[in-house]
2 protein chains.
Amino acid sequence: MERELLLLGLLRREDMHGYQLHEFIERNMTSCTDLKKPTAYHLLEKMTERGWLQPSPAQAGNRPARRVYRITPAGEAAFQALLRENVATHYPAYFTGNIGLAYLDALPAPEALARLRERHTSLAAELARLTAVPPHAGSLQWLIDHQRHHLRAELDWLETLIQHLTAVE
Amino acid sequence: MERELLLLGLLRREDMHGYQLHEFIERNMTSCTDLKKPTAYHLLEKMTERGWLQPSPAQAGNRPARRVYRITPAGEAAFQALLRENVATHYPAYFTGNIGLAYLDALPAPEALARLRERHTSLAAELARLTAVPPHAGSLQWLIDHQRHHLRAELDWLETLIQHLTAVE
DNA sequence: TTTTCCATGTAACTCGTTACATGATTTC
DNA sequence: GAAATCATGTAACGAGTTACATGGAAAA
C-alpha cells in the first residue's frame, strides 16, 4: 500500500517508465525503502488494471520499447486518499533485528560488548553515508531527514547500552 | 529468523507449549513484535523437524492435551549462532509508514498540520502506554527500553516537523 | 446458557523475493 | 569479444496472515 503511494507520488510529478522509477528509488531512496524491480513492475500493472495509471508505448533511440505511465484522475484520487491516511497514522515499527537484545544476558559480558561494538561500527557507517547524501528538492528531504534522525537515535541508544554494560563489567 | 531466535530464547528459560509461548509474547512483547498464533505453531513444528526442539505430550487437569517443547543441544547451538549474529548486525529499518512524508507538499499546509497532529496523538498514546508497563526481569527490559527510546525519538522528530511547518505557514 | 478461555491446527490467500528469460546496445 | 546497461517481464518459491475447524472446560 505504501509502495503504491510511493509510485503514484513519483508519477504525479512526471511520467515515467518502470525501469526509470525503480532506478530513481534505488538511487535516491535506498535509505527509506527497498522496492525490487519485479515488485515495481507488478504494482504498476495492478494499478493500471485498476485504472489508476495509463501506460503508453514509447521509444528512445534504438533502446528497448518502454511503457511510460501517466497517472489518471482516478489515480490522483487514490493518491490523495493514501497520502492522507499515511500522514495521519502512526504505524508502529517492529525492530525484529533487535530481538537479540532480549537475550543479551545469554552472552558473556565481554563478548556481548564486542558484538555490540560491531553493530555500532556498521550503524555509524550507515549514518555517515546518509549524512553525506546531497539534499533533495521538496518534501522528499523530510523522508531522508527522518531516517537520519532515526539512525542518530539508534546510535545514541547503542552508546548508552554499551556504556551501561561496560560499567557493570 | 528473528522469530526463531525469539522462541528459542523463551524455551531456553523454560519448557513451554505453543499457546503459552504465544500468550507470553502477546502479553509482554506487543510493543516489539507481533507473532501470530499460526506462525508460532508453524515455526515450532519446523524447528522440531530440524531437531532443535523436542516436544512431549502433557496434560493439565481436564484441559486439552499440550505439546510441551524443550530445547535440544542442537537448538541451543542454533540459538547461540542466531543470537551472536543478531547482536552484532544492524538491520536497517524501513519506515514504510512514512513514505507519505515525501509528498507532504501535495497537501495544503493547514491540512498537513492537522493530519500530523493526529499522528502525534496516537504516537504519544502509544509511548504513554509503553512507559506505564511494569519493568521486566533480565535483558528483556533492554528490548522494551529500546522501543521506548525509539518512540521518544519519533515523537521528538514529529514535533520538530510540526513546528517547522507551523513557522512556514 | 451463552460466551470466553484453553489448545491445536489446516487451507487459502497475499505479498514480496529470487532466479531466470529475452534481446538489443553501448562500453571496456 | 566480453561485460555491463537498458527494458520488460515470468515462474517458482517462501514467509506470514486470515479465516476457519474442533472440542472440552470454566466463567458470566
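The figures here come from the full heavy-atom set of this structure, side chains too, leaving out hydrogens, waters and symmetry mates.
Minimum atom distance to the side chain of K36(B) is reached by dT18(D), of the listed dA15(D), dT18(D), dT8(D). Picking from dT17(D), dG9(D), dC6(C) the nucleotide with the shortest atom distance to the side chain of Y69(A) gives dG9(D). Among the nucleotides dG9(C), dA7(D), dG9(D), the one closest to any side-chain atom of E45(B) is dG9(C).
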task = Go through E45(B) and H42(B) one step at a time and tell me if the side-chain hydrogen bond (donor to acceptor under 3.5 Å, both in side chains) criterion holds.
result = CA-CA 5 Å; E45(B) 217 172 74; H42(B) 182 238; 5.6 Å; no
task = Starting from the C-alpha separation in whole Å, work towards a yes-or-no answer on side-chain hydrogen bond (donor to acceptor under 3.5 Å, both in side chains) for Q80(B) and E76(B).
result = CA-CA 6 Å; Q80(B) 293 287 338; E76(B) 173 68 20; 2.8 Å; yes
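When heavy atoms are screened at a 4.0 angstrom cut-off, E4(A) is found touching no nucleic acid atom at all.
The closest side-chain donor-acceptor pair between H90(A) and E154(B), if any, does not fall under 3.5 angstrom. For the residue pair H150(B) and Q147(B), no side-chain donor N or O sits within less than 3.5 Å of a side-chain acceptor on the partner.
A salt bridge does not link E26(A) with K37(A): none of the charged nitrogens is closer than 4.0 Å to a carboxylate oxygen.
Regarding H17(A), its NE2 atom lies at a distance of 11 Å from the P atom of dG9(D), rounded to whole Å. Atom CG of D34(B) and atom P of dA15(D) are 18 Å apart (whole Å). When the C1' atom of dT5(D) is taken as reference, atom NZ of K37(A) falls 9 Å away, rounded to whole Å. Straight-line distance from the CG atom of L44(B) to the P atom of dT8(C): 9 Å, rounded to whole Å. Across the protein-nucleic acid pair, L43(A) atom CG and dT14(C) atom C1' stand 12 Å apart, rounded to whole Å. With rounding to whole Å, H22(B) atom NE2 is found 13 Å from dC5(C) atom P. In this entry the distance linking NE2 of H42(B) with P of dT18(D) reads 16 Å, nearest Å. With rounding to whole Å, Y19(A) atom OH is found 11 Å from dT8(D) atom C1'.
Within the 4.0 Å cut-off from OP1 or OP2 of dT8(C), not a single side-chain nitrogen or oxygen of R67(B) is found. Proximity of T39(A) to the phosphate of dG16(C): no side-chain N or O atom is located under 4.0 Å from OP1 or OP2.
Closest-nucleotide positions on DNA chain D for R66(A) and P38(A) were compared, and the one nearer the 5' end corresponds to R66(A).
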